[in-house]
Amino acid sequence: MKNEVQIHEVDSSLNTRRSFLKLSGLTLATAGLIMAGCSDNDNDDDMNDTSLPGVRNGIFDLGSGDFGVLTYAYALEQLEADFYTKVVNASNFNTIFNDIERQVLTDLYHHEVIHRDFFKAALNGALPDPSSQLLPSLTFNYGSMNFNSRTEVLATAKALEDTGVAAYNGAGKLIKSADYLLLAGKIVSVEARHASAIRSLINPNSKDFAGDDIISTSTGLDVAKDPSKILPIAGGFITTQFTAKYLP
Amino acid sequence: MNILKFIETFTDDSLMRSTGSRRDSFSQFGNIGKTLAYASIPFGLSTIANKVLAKDITPTPATPIGALQFALTLEYLENEFYAKALDSGVIPASENNGRDLKVFQQIAAHEADHVSFLIAGLGGTMSANFVPKPTFDFTVGGAFDPFGDYPTFLALAQAFEDTGVRAYKGQAANLITTPDLLTAALQIHSVEARHASEVRRLRGLKGWISNAERGAGMPEATQAVYAGEGVTIQAGYNTATLFGAAAGSEAYDEPLGTQQVVDIANLFIV
């Protein structure tokens with residue numbers, strides 16, 4: 001088994017406006033990471049237990065089962081935490097956002113960084129060999145997204161939060177441990193509170209906080225998506241290659 | 001009550017291990033209904049007993065069906081609350097340039113959808129698993145005037161939405177063996193959280209719960225909704241370390257157990 005994690009930097013030249021549009025749900029073309037089922041005839045001799053995250057054939061795979069789901073969540077929380085860290089540190093943060101908006105975005109920055117560090121700590125404690133099985137710190141590229149544009153920041157935040165809700169809603173059924181399921185439940189409702197808040201900032205005098213674009217008008221249900229549907233969306237911003245061959 | 005116990009014995013078997021589609025799960029509920037009928041359970045007696053003895057709701061069993069029945073009762077409560085509010089005119093059309101009315105029309109539509117969805121999930125109104133709507137008194141014997149006083153309506157709306165989020169979360173483990181039902185419950189859970197966040201903003205609060213605070217202007221009687229929300233240790237990780245206890249507790253919503261939610265709901269059931 002290799003202990004080395006190979007990080008592949010993806011050519012970011014295409015990863016610009018297109019990624020932003022993609023995350024905003026306008027197009028679902030291409031992805032910055034290799035997806036399950038996209039290839040191939042790899043053999044996994046170097047790591048037969050597919051439930052464990054780790055490097056297979058030179059690329060980190062999220063694994064399956066509870067560790068796979070937690071690692072998947074860790075990847076998404078890394079993205080959210082990185083995004084809001086850049087938002088609150090942008091040079092014009094104090095001028096393009098009003099007091100209420102700054103409070104919301106600062107709270108989201110806090111919450112997502114806490115989620116990220118929580119998953120890192122939880123996985124470090126639970127994985128049999130975290131030195132080879134803990135997903136490394138990912139790198140991100142937001143292309144031409146302007147962190148000093150109120151419109152672009154809020155639109156991206158909305159997409160990230162809605163995606164987070166759909167991801168957790170879809171991943172719940174993959175979790176076997178009641179304790180981990182409860183932890184995911186504790187987090188997903190906060191992501192939904194975030195999504196509602198960002199949507200209200202964008203369009204306050206409206207029903208967008210739980211809009212008909214996201215909540216079924218026949219069942220009143222929110223969105224739930226499998227990892228294979230989420231990762232191509234989130235992957236638009238993630239430049240570290242990893243695979244999720246053993247998650248649906 | 002007898003029926004619930006009877007159902008519980010069934011849900012330990014095939015239903016609990018169901019991995020089929022939602023339709024499969026629902027048709028299994030139908031089968032349980034048939035099984036119950038074959039077993040000649042005296043439904044009529046049981047129904048009468050419930051009416052005579054138990055106006056208060058009682059905890060549902062820790063099973064997938066119990067979780068759905070429990071959820072349906074909560075959705076009945078929310079649905080009737082918002083429908084009555086919209087009928088009463090307590091929500092001023094001019095409030096926030098019409099924002100509040102739009103918000104509660106949307107929330108009301110979702111709660112009505114949830115009621116229909118859960119009734120269908122339990123096999124319809126003729127199913128043995130169906131639970132009827134209790135009789136609600138949102139004034140709690142005259143203590144509140146939610147359909148005459150807008151701030152009271154808003155306060156109860158916040159309490160019901162925040163309760164709903166915690167209640168669904170508390171039922172998740174009861175659905176772990178029925179993946180499709182779990183997913184559906186999660187899809188309702190996050191809608192309740194979107195609602196809660198917006199109602200809290202209409203009341204001038206953050207969309208998330210800091211520590212175990214019910215928030216400014218909330219009646220003390222609603223504190224049970226927020227009991228235990230201030231947790232800052234999650235799976236051994238101290239969430240207060242980075243940014244303090246308020247942020248750490250906000251980042252995680254805590255569950256409520258069945259009995260805790262039943263106690264809250266029973267305040268409004270007569």
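Each chain gets a letter, A, B and so on, in the order its sequence line appears, and its residues count up from 1.
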Counting only heavy atoms closer than 4.5 Å, note whether [X] contacts chain B via side chain, backbone, both or neither.
X: A:Ala121; result: side chain
X: A:Asp162; result: both
X: A:Gln103; result: side chain
X: A:Leu108; result: side chain
X: A:Leu174; result: neither

Keeping [X] on the side-chain end and [Y] on the backbone end, is there a donor-acceptor pair under 3.5 Å?
X: A:Asp61; Y: A:Gly63; value: yes
X: B:His114; Y: A:Gly220; value: yes
X: A:Asp226; Y: A:Lys229; value: no
X: B:Arg166; Y: B:Glu254; value: yes
X: A:Gln78; Y: A:Pro136; value: yes
X: B:Thr241; Y: B:Asn238; value: yes
X: A:Ser196; Y: A:Ala192; value: no

Residues of [range] with any heavy atom under 4.5 Å of a heavy atom in chain B:
range: residues 203-212 of chain A; answer: A:Pro204, A:Asn205, A:Ser206, A:Lys207, A:Phe209, A:Ala210, A:Gly211, A:Asp212
range: residues 181-190 of chain A; answer: A:Leu181, A:Leu182, A:Leu183, A:Gly185, A:Lys186, A:Ile187, A:Val188, A:Ser189, A:Val190
range: residues 84-95 of chain A; answer: none

Practice problem: Quick one: which of B:Glu198, B:Gln234, B:His110 has the most heavy-atom pairs under 4.5 Å with chain A, could you say? | Solution: B:Glu198
Quiz prompt | Greatest number of heavy atom pairs closer than 4.5 Å to chain A - which of B:Arg200, B:His195, B:Lys206 | solution = B:Lys206
Quiz item: Do the ring centers of A:Tyr109 and B:Phe243 come within less than 6.0 Å of each other?
Solution: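 Yes.
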Practice problem: May I ask you to check whether B:Phe81 and B:Phe153 place their ring centers less than 6.0 Å from one another? | Solution: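 Between B:Phe153 and B:Phe81, which both carry aromatic rings, the centre distance is below 6.0 Å.
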Quiz item: Does any heavy atom of chain A fall under 4.5 Å from the side chain of B:Val165, the backbone, both, or neither of them?
Solution: side chain
Practice problem: Identify the heavy atoms of A:Ser64 and A:Leu247 that sit nearest to each other, and give their distance. | Solution: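 Closest pair (atom of A:Ser64, atom of A:Leu247, distance): CA-CD2, 4.0 Å.
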Quiz item: Looking only at heavy atoms, which two atoms of A:Thr71 and A:Pro53 are closest? And how far apart?
Solution: OG1-CG, 3.3 Å
Practice problem: Considering only heavy atoms, give the residues of residues 224-232 of chain B separated from chain A by less than 4.5 Å, sorted numerically, with 'none' for an empty result. | Solution: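 Listed by number, there are no contacting residues, so the answer is none.
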